[in-house]
Asks: 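Pasting a structure below so you can have a look.
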2 protein chains.
Amino acid sequence: MEEMTPAKPRGAGGRKAASWTQDPEGVRRNILAVARAEFVENGLSGARVDEIAAKTSTSKRMIYYYFGDKEGLYRAVLEEMYARIRNFERSLDLAVLPPREAIATLAGFTFDYHADNPDFVRLVMVENIHHARHLENSAKIGELNLSVIDMIREIYERGRREGAFREGLDPIDIHLTISALSFYNVSNRASIRQVFGHDMGAPGARERRRASTIDTVLRMLAS
Amino acid sequence: MEEMTPAKPRGAGGRKAASWTQDPEGVRRNILAVARAEFVENGLSGARVDEIAAKTSTSKRMIYYYFGDKEGLYRAVLEEMYARIRNFERSLDLAVLPPREAIATLAGFTFDYHADNPDFVRLVMVENIHHARHLENSAKIGELNLSVIDMIREIYERGRREGAFREGLDPIDIHLTISALSFYNVSNRASIRQVFGHDMGAPGARERRRASTIDTVLRMLAS
DNA sequence: TGTTAATTGTACGAACTGGTTCAATTGGTC
DNA sequence: GACCAATTGAACCAGTTCGTACAATTAACA
């Protein structure tokens, strides 16, 4: 009972006296959130474990306790990020819409998701710099992400049969176009601003680019 | 006579006897080439000065002699890279072509430039991760890169007057579309392969994507 | 009541890393 | 011949950075 610091609980070796709740999931989430911000901001090699630990409500000790090492932590962040976008994709129900509207909606949502989640975009950039070697090592990711392609295929086939879309397109090609047009504005925002003095983040620019993207995708498919 | 190193014709600290050609530009170029490869592969924080030095035909000493510090070296690499693409852009002479052909040619060349120079793409990614802060600090870059936009504007106006292109498009928007479609395949090649099992680098895939890109751009502009 | 997982804090160490110091020699140019 | 820029090579330093050791306490659950 030597320490009476009011709110500060302590454990052994001069730790704070104790009144804490056991909350493994909470601690994990807290670490992951901080780590994501750091990795997104500084990349894998640029991020510092000590810095992450400091911004956590717990300690470096717990990071290693739960995630093993820096790469394990990074992998966990990556997996969580991909789980999110997968959830987003599953939340779309485009089968009920007519083909053109379905594709326009998909393109619009995809554009918005990227614009609203620059963290996701930046983490994908970081991972690509590392040749996606951590995606490779993560069994969790993989089979999950073919859903978008299936979705596009279904819409495209429907539209083609109805004569709304032209023949001979590849669902993957359609997806790549939508992704590229959604990704680039966010991933290259800084260099675009620097080189062209054009800020894609500004509300007006973003809206115009959104409309242009949807329009371009529709024109790509139009018969 | 404090130096008593026996008879060896040496420089300070035990250097090799000397017969070398003075070639500042050569040394600079050598360092830059090695540094580019390292920064492209590992990013700014991931690259190691000692590693760069080791792969050079000269020593760490000369890196600091010519470039001051790591960031200075990185900036030099960046500037050289942008100088190259600017040269490429200036080499295009599209004013002689009819509008549709001119745009198709520009899109094709842009696509090829990105596909053939993944180093450029990756360095731009790295720079964007760093919020293009080094582009900002580099006076050399900036006013140079508006040439593409002017080029596109000229072609677009011509096509619009002739009735080949529709009204109301923004040259920057056209450029962003071409860039996005050219950049994404290269920048995200690793994650695309990992997630979709689709290798954009394969000759067939690349050619199909190239055709699709040109087609998409033409459709975007078509009246 | 006993057992295990969760948690607390710090200090430390070995390896790494950016950058400097030292001292001398040679190449080219005027 | 004088002078300066170019060049050589390795040791070294201070600060950083990942990861661990240590030692104890508490929460939760059976």
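Side-chain atoms are counted along with the backbone in the values below, which use heavy atoms only and exclude waters and symmetry mates. Lettering of chains follows the sequences in order, A, B, ..., and the numbering in each one begins at 1.
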Asks: What is the separation between atom CD1 on Ile63(A) and atom C1' on dT17(D), rounded to the nearest whole Å?
Replies: 13 Å
Asks: Please check the phosphate of dA6(C) (OP1 and OP2 only) for any side-chain N or O of Tyr65(A) closer than 4.0 Å.
Replies: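 So the side chain of Tyr65(A) is within the cut-off, an N or O lying under 4.0 Å from OP1 or OP2 of dA6(C).
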Asks: Tell me whether the side-chain N or O atoms of Lys70(B) pair up with the base of dG19(C) as donor and acceptor below 3.5 Å, since no angle test is needed here.
Replies: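 Under the 3.5 Å cut-off, the side chain and the base do not form any donor-acceptor pair.
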Asks: Whole-Å distance between dG19(C) C1' and Leu73(B) CG?
Replies: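 Going from Leu73(B) (CG) to dG19(C) (C1'), I get 13 Å.
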Asks: Specify the separation, in whole Å, of atom OH of Tyr64(A) and atom P of dC22(D).
Replies: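 Computing the Tyr64(A):OH to dC22(D):P distance gives 18 Å.
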Asks: Run the numbers on Leu176(B) and Phe183(B) for side-chain contact (heavy atoms from CB on, under 4.5 Å), then give the verdict.
Replies: CA-CA 10 Å; Leu176(B) 288 177; Phe183(B) 197 94; over 6 Å; no
Asks: Strictly distance-based, threshold 3.5 Å: is any side-chain N or O of Arg189(B) a donor or acceptor partner for the main-chain N or O of Asp199(B)?
Replies: no
Asks: Taking C-beta and beyond as the side chain, do Phe111(A) and Leu181(A) meet within less than 4.5 Å on heavy atoms?
Replies: no
Asks: Output, in order, the C-alpha distance, side-chain angles, deciding distance and verdict of side-chain contact (heavy atoms from CB on, under 4.5 Å) for Val126(A) and His130(A).
Replies: CA-CA 7 Å; Val126(A) 168; His130(A) 292 276; 4.0 Å; yes
Asks: In residues 37-49 of chain A, what donor-acceptor pairs under 3.5 Å come from side-chain atoms, sequence neighbours left out?
Replies:
| unit_1 | atom_1 | unit_2 | atom_2 | d |
| --- | --- | --- | --- | --- |
| Glu38(A) | OE2 | Lys55(A) | NZ | 2.7 |
| Glu41(A) | OE2 | His131(B) | NE2 | 2.8 |
| Arg48(A) | NH1 | Ser45(A) | O | 3.0 |

Asks: Between residues 33-54 of chain A and DNA chain C, which residues have a heavy-atom gap below 4.0 Å?
Replies: none
Asks: Rounded to the nearest angstrom, tell me the gap between atom CZ in Phe67(A) and atom C1' in dC18(D).
Replies: 17 Å
Asks: Does Met200(A) form a side-chain contact (heavy atoms from CB on, under 4.5 Å) with Val186(A)? I'd like the steps, not just the answer.
Replies: CA-CA 8 Å; Met200(A) 293 307 304; Val186(A) 184; over 6 Å; no
Asks: Measure from CZ on Arg61(A) to P on dT25(D) and round the result to the nearest Å.
Replies: 16 Å
Asks: With the side chain counted from C-beta on, respond yes when Tyr113(B) and Glu89(B) share a heavy-atom pair under 4.5 Å apart, and no when they do not.
Replies: no
Asks: Could you check how far CE of Met62(B) sits from P of dA5(D), rounded to whole Å?
Replies: 13 Å
Asks: Do the side-chain N or O atoms of Tyr66(A) get closer than 4.0 angstrom to the phosphate oxygens (OP1, OP2) of dT7(C)?
Replies: yes
Asks: Under 3.5 Å, is there an N or O donor on one side and an acceptor on the other linking the side chain of Lys60(A) and the base of dG9(C)?
Replies: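 Under the 3.5 Å cut-off, the side chain and the base do not form any donor-acceptor pair.
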Asks: Within this structure, what is the CD1-to-C1' distance between Ile31(B) and dT7(D), rounded to whole angstrom?
Replies: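 Interatomic distance, CD1 of Ile31(B) to C1' of dT7(D): 11 Å.
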